[in-house]
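We name chains A, B, ... by the order of the sequence lines, and we start the count at 1 in each one.
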Amino acid sequence: MPEQKRLFLVDAYALIFRGYYAFIKNPRINSKGEDTSAIMGFMNSLLDVIKRERPDHLAVCFDKGGSADRVEMFEAYKANRDETPEGIRTAIPHIHNILKAMHIPIMVKEGYEADDVIGTLSRQAEKEGYKTYMVTPDKDFAQLVTENIFMYRPVFGGGYETWGIPEVQKKFEVDSPLQVIDFLGMMGDSSDNIPGLPGVGEKTAKKFIAQFGSMEGLLANTNQLKGKMKEKIEANGELGLLSKKLATIMLDVPVTFNAKDFELDHPDIEAVKQIFQDLEFRRLTENFIKTFAVSTDETPVEETKRNTISEQKPTRKETKSAGAGQFSLFETDLSNEQQVPLEHSRKTADTTSHFYQYINTNLATKLFLTNLMKQHSVCFDTETTGLNPLTAQLVGIAFSWEVGKGFYLPFPKDQKKAQELIEELRPFFENETIEKIGQNLKYDIKMLAKYNIEVKGKLFDTMLAHYLINPDMRHNMDVLSETYLNYTPISIETLIGKKGKNQISMEEVPVEKQTEYAVEDADITLQLKEHFKNELGEANTQKLFDDIEIPLLRVLAAMELEGINLDKGFLNTLSEQLNKDIASLEKSIYEAAGETFNIASPKQLGIILFEKMKLVDKPKKTKSGQYSTAEDVLSYLAKDHNIIQKILDFRGLSKLKSTYVDALPNQVEETTGRVHTDYMQTVAATGRLSSNNPNLQNIPIRTERGRQVRKAFIPRNDDYTLLAADYSQIELRIIAALSQEKTMIEAFKNGEDIHASTASKVFNVPIEEVTREQRSNAKTVNFGIIYGVSAFGLSNQTNLSRAESKALIDTYYATYPKLRNYISEQVDFARDHGYVQTVLGRRRYLKDINSRNAVVRGAAERNAVNAPIQGSAADIIKIAMINIYKKLEGGHFKTKMLLQVHDELVFDVYKPELEAIKTLVKTEMENAYKLDVPLDVDLGVGNNWLEAH
DNA sequence: GACACTGAGAA
DNA sequence: CTTCTCAGTGTCA
C-alpha cells in the first residue's frame, strides 16, 4: 500500500494562548524582563507534535487583521474579546523568527482568520491525496473533519486525541461534521462573540440538532416548540442565521497549498539555538536538539498506530493521573476547555513512593510519641468533621517530619476519649522548642483550642509564607503543590464527595483513605516549607513573616474564638420596621409604574423604567445588554422622577434588611451565643485583612438608617463596655510622611482638619472660610490621591466636570508638589523593579506596569501608588494589634480585643480596666510605627458599637 | 446547585 | 480612582 502523505496545519494563536495561560500563575520572565511564557508554551507544543508524529509536511497558520467579512456581517464580532495580552503580542515576532529559522512556512492572509486558512489548505491537500491533521484545541474546527481531514487536539493533562468523523459524530451528537456549524450557531460562542440563540446552551443545541437537523430546520418548525423558548427563537431567527454564518469557516481563502514548500526539512539548528539563547531557554534548546537530532527521515509511525494517535501514552513515565480515562477519545468535556501546560503532567500519590502509616495500637502510639518528641520541626494537619472550628470535631491528626513519610493518628468519636488521646499530645503541642509547620495554622490552632490545647513554639505557616512571596496569587495547598512541587494532591472530593446532597463527613471515610489524604497534606506542606523558607530570605520578607504575620495569626485566632455579643431582639424590631417601610415603598412604586413587578430584578426594573415609562431617550446599557439601573445612573434621574428616589430607597432598605438585619442573627454561634467572624490573612493583595462569615468590616455607618445596625453590637454583659479606637486619616498621614510633603506634614502636626486645610490652600481662602462644598471636594481629591487619581475618576466622584476636575488636580499638585514627585517615583520604582513595597517591605508585584496597553498600565500605576499606602497602614495596625494583644495577655486583663476594621480596633472592656485600657490602646496604636507625621488615634466608649464612635 | 452578573455595604 | 464580601436574580443544569 502506498504511503499516504501527512500534512499538519498548526493553529498558531490557539496554541500560543494555551501556552501563555499555562504559565499564567508563574510566568516565565527572563533576565531582560521579557515574558516568554507564550513562546515557550507554543514551542513546547510544536516540538511535541513533531516528535510524536514526524509529519512529512507542516505549516503554521496565523490570523491577520481579523475577519473583515465577519465584521461586516456582525460588527460586534469578536469585539468583546479582551485585548490580546501583552505577553502574547511581544511573543509573536519571536515566534515568527523561530519558525523562519526552522524553515517552517508561516501562512497568513490579511483579513482572514487561521480557521479559514487552515480550512482552505486542508481541502486543497485532500484533493492531492493528503491526510491533513489540524493541530488546534478549538472545537470550531470539527466542522472541517472529513475522511481525510482530522483534528489533532491537545488534551487536558498532556497528550493528544484525534477527531475523525466518528469522534465528531459522538461528541457533538451530529450525523455529519457539517452540522457542527448549526450547533455552534445555536449555542453561540462567547469567546468568538458569536451571539447564538438566546436561551440555548450546549444541551438544548444538541437536542435541536437531533430533532431538526439544522438551524434552518429549527426555524422552519418553531411550531413544535412551546413556551418561552418558542417565543425567543421565533423572535431571533435572523440572529440564528447570522450566527451560523459567523460560525462557518471559509474555504475559499486565496492561499495555495504547495507541497514542496510545506515539506518539513532540516532546520537551521544554529540559528534556532541562537534565538533560544537570547531568550534564555535552556531546557527548550535541549528538547529542540533532541527532536531534530533524530533525522526526520526516521521510520514514520506505522499505519496502525497512526489511526490511534490519541491512545499513545505521553512520553513521560510519571504522566498518570487520578482523572480516569483522560487519554481516551471522548472524555474531553466541551465546556471544560482547561488550559494547562502540555508538558505539565503532574505527579500524584500513585506515581510517587511514600510511606504513610496510621497508628491504631497503644504500643504504636507510645512509639510514635517518643519519636515525635525527639524532632525539632514537625508538620501537622488536623482533619475534622467540618469547616467551622467551633462546631467541628477532631477526626484525626497527621504528622510528617520527613519528606515522603508521615503518620496519622485517628481520633475516637467519643469526645471524652478524644480528649484523653489529645492529652497525650499536649507535651508535643505545648513544647516551646519544637517548630510546628502547617498550612493555615490559624484553623488548627482554633481547633485545638477547643480541646484546651495551646500550640506553642515557633510556627511556620506555608500559606502565610506564600502570601508574602506573591500576594496576588491564591494560596490553596492544591495550587501551591501543583505550582511548586509539580504534584497533584488527592482532592478532598474524592473522599467526601462533591459538596451538596451526597457529601459525607470526614469521619465516615475509611481510615486508610483518611491516612493517605491527611498525611499527604502534611507531607506536601513540609515540602512547601522547604521551598518557601529560602524564598522568604530572597525577597527579604523574613522579618515581615516572623515579626508580623506569624504572631498575628495567634492574635486573630484569639479574636475569632472570642466573638462579639449581638442584640438579637433589637435587630428583630429593626427588621419589622424595615418590613413596613419596604412594603409601603413597594406599594407606591407599583402605583407609579402602573403594574407590579420585581423591583429587586435589575432586568425587570430596566424594562419598566426605560421601555414602559420611557424615562430617558437613550438609556445606558450594561455590557450584557441590559439597561443599567446602577445607583449613579438612577440618582441622576431622581430629581425628575418621583419613582426613582423610591426605588433607590427600596434598594437601600432591602440591602440593609437582607444583608445585615436579618442575616446577622443567624450567624450567632449556638455554642457561644456570639458572632465569630473569620479573618482572612491572605486574600487582600495589599496586606489588609478581610473578614467573612459574617463580614464585620462592612457594617453600615454612613446613613442614619444603616447606622442603627451598629447598635446591635454590644458588650458581653453589664460589667463590660465597648471601646472603639481608630486611626485618624492614617493613609493620608502615610502619604504625607513618605512623600515628605512639608505643607501637609505641618497641617497634621498642628492638628488641623486636613480636608479643610487642603481646601483652604487649594481654593486660596482662609481655613475658617472654607465652604462645605470646598471641603468636600478637597476630601475627594485627598482620597483620590491615595487611589491614584485621574481627572476622569474624579469627575465621576464629584459634581465637577472633567475640565474642572483636571484644574483641581493641577492646583492640588501645585499646592503639594512633593506628592506628585512621590507618585511618579513610585511608578518609576515599579517599572524598574517590577514591584512596590510598604514601609515594612511587604511587596506587591505589578506585572502590567510596562504594558503597552494604556488601560492595563494605568491600573498597574494606580496600584503602584495605592498598594504602599494601603499596605503600610495595614502593616502598622497589625503591629499595634500584636503589641496590644501581648500586653493584654501579659497584664492578665479581662478586656479582649474583638474586631479589626482596617483602621479601627474594637474592644470588649472590663469596666474597672477602662482607663488603663484607653491609655494602653492609644499608646500602642500611636507608637506602633515611627513616621515623620504623628499618628493620631480617636477613642470612643459606649454601650454599643454606634455609641462607641 | 453552580455560575455570572448586578448592585451595595465598608475603609 | 484602591481593597474587599455578600445577597438576589436569572440561566443552565
Side-chain angles (χ1 to χ4, degrees), chain A residues 187 190 198-205 228-229 232 335 471-472 498-503 598-606 622-634 647-648 651-660 662-664 667 677-680 683-703 705-707 709-710 726-727 729-731 780-798 805 809 844 858-871 873-874 877 899-904:
Chain A
M187 78 169 249
S190 55
V200 176
E202 183 185 333
K203 297 282 161 179
T204 318
K228 202 95 195 259
M229 186 62 88
K232 275 198 207 163
S335 59
D472 271 298
K498 284 207 194 274
K499 74 164 145 186
K501 37 185 176 184
N502 296 324
Q503 194 176 48
N598 186 348
I599 311 171
S601 160
K603 192 173 159 186
Q604 294 182 32
L605 180 63
T622 66
K623 47 180 180 291
S624 58
Q626 282 183 28
Y627 299 110
S628 169
T629 63
E631 213 268 345
D632 56 331
V633 177
L634 292 193
I647 290 165
L648 292 173
R651 273 200 189 149
L653 297 187
S654 312
K655 167 80 178 177
L656 207 59
K657 182 161 147 52
S658 66
T659 311
Y660 304 104
D662 288 352
L664 282 171
Q667 306 265 16
T677 185
D678 193 3
Y679 286 107
M680 310 296 280
V683 304
T686 51
R688 275 189 177 181
L689 299 177
S690 82
S691 149
N692 62 20
N693 296 316
N695 182 354
L696 296 186
Q697 292 181 322
N698 72 343
I699 303 300
I701 193 167
R702 294 178 192 181
T703 66
R705 211 62 201 266
R707 206 174 290 154
V709 177
R710 296 202 170 215
D726 63 286
Y727 282 110
Q729 309 297 353
I730 187 167
E731 295 188 345
T780 315
V781 189
N782 275 333
F783 281 117
I785 293 294
I786 295 169
Y787 300 147
V789 263
S790 67
F792 176 75
L794 186 62
S795 67
N796 274 341
Q797 285 289 304
T798 60
S805 297
I809 293 173
R844 177 158 188 199
E861 288 172 357
R862 290 192 295 276
N863 281 328
V865 178
N866 176 258
I869 308 295
Q870 200 181 105
I877 197 166
L899 305 178
Q900 189 253 40
V901 190
H902 307 309
D903 63 358
E904 173 187 1

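- In this structure, A:Arg688 does not reach the C:dT3 phosphate: none of its side-chain N or O atoms is under 4.0 Å from OP1 or OP2.
- Dashed line: the shortest gap from a side-chain N or O of A:Arg651 to OP1 or OP2 of B:dA8 is under 4.0 Å.
- Residue A:Ser690 has a polar side-chain atom (N or O) positioned under 4.0 Å from OP1 or OP2 of C:dT5.
- When the nucleotides C:dG10, C:dC4, B:dA11 are ranked by their closest atom to the side chain of A:Ser601, C:dG10 comes out on top.
- Between A:Asp472 atom CG and C:dT2 atom P the separation is 14 Å, expressed in whole Å.
- Here B:dA11 presents its P atom at 13 Å from CG of A:Leu696, a figure rounded to the nearest Å.
- Put simply, CD on A:Gln667 is 12 Å from C1' on C:dA7, counting in whole angstrom units.
- Of the side-chain N and O atoms in A:Arg702, one or more sit less than 4.0 angstrom from OP1 or OP2 of B:dA11.
- Contacts of A:Val683 with the nucleic acid, taken as non-hydrogen atoms under 4.0 Å apart, involve only primed sugar atoms and P, OP1 or OP2.
- Distances shorter than 4.0 Å separate some side-chain N or O of A:Ser790 from OP1 or OP2 on C:dC1.
- The OH-C1' distance, from A:Tyr787 to C:dC1, rounds to 8 Å in whole Å.
- No donor-acceptor pair under 3.5 Å is formed between the side chain of A:Tyr660 and the backbone N or O of A:Arg710.
- Among the atoms of the strands shown, only primed sugar atoms or phosphate atoms (P, OP1, OP2) are found under 4.0 Å from some heavy atom of A:Ile699.
- Taking side-chain N and O atoms only, A:Lys603 has a distance below 4.0 Å to OP1 or OP2 of C:dT11.
- Nucleic acid contact class of A:Ile701 (heavy atoms, under 4.0 Å, all strands): sugar-phosphate only.
- Residues passing the side-chain hydrogen bond (donor to acceptor under 3.5 Å, both in side chains) test with A:Asp903: none are found, sequence neighbours excluded.
- For A:Gln870 against C:dT3, no side-chain N or O and base N or O form a donor-acceptor pair under 3.5 Å.
- When rounded to the nearest whole Å, the span between CG of A:Leu794 and P of C:dC1 equals 10 Å.
- One finds a side-chain N or O of A:Arg844 lying less than 4.0 angstrom from the OP1 or OP2 phosphate oxygen of C:dT3.
- The nearest whole Å value for the distance from the CD1 atom in A:Ile869 to the P atom in C:dC1 is 19 Å.
- Side-chain N/O atoms of A:Gln604 include one lying less than 4.0 angstrom from OP1 or OP2 on C:dG10.
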N/O donor-acceptor pairs under 3.5 Å from side chains in residues 783-797 of chain A, not counting sequence neighbours:
residue, atom, partner, partner atom, Å
A:Ser790, OG, A:Gly793, N, 2.9
A:Ser795, OG, A:Ala791, O, 3.4
A:Ser795, OG, A:Phe792, O, 3.0

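- Residues A:Val709 and A:Leu664 have side chains in contact (heavy-atom distance under 4.5 Å, counting atoms from C-beta outward).
- Side-chain atoms of A:Ser691 come within 3.5 Å of backbone N or O of A:Leu696 as a donor-acceptor pair.
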| field | Chi angles and distances behind the side chain to side chain donor-acceptor pair (under 3.5 Å) call for A:Thr798, A:Thr780 | value | CA-CA 8 Å; A:Thr798 60; A:Thr780 315; over 6 Å; no
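- In this structure, the CG atom of A:Asn863 is 9 Å from the C1' atom of C:dT3, given to the nearest Å.
- No donor-acceptor contact under 3.5 Å links the side chain of A:Gln697 to the base of C:dC4.
- C:dC6 atom C1' lies 14 Å from atom CE of A:Met680, rounded to whole Å.
- Backbone-only engagement by A:Val901 is indicated by non-hydrogen atom pairs under 4.0 Å involving sugar-phosphate atoms exclusively.
- Within the 4.0 Å cut-off from OP1 or OP2 of C:dG8, not a single side-chain nitrogen or oxygen of A:Asn598 is found.
- Phosphate proximity of C:dT3 to A:Asn698: absent, as no side-chain N or O sits under 4.0 Å from OP1 or OP2.
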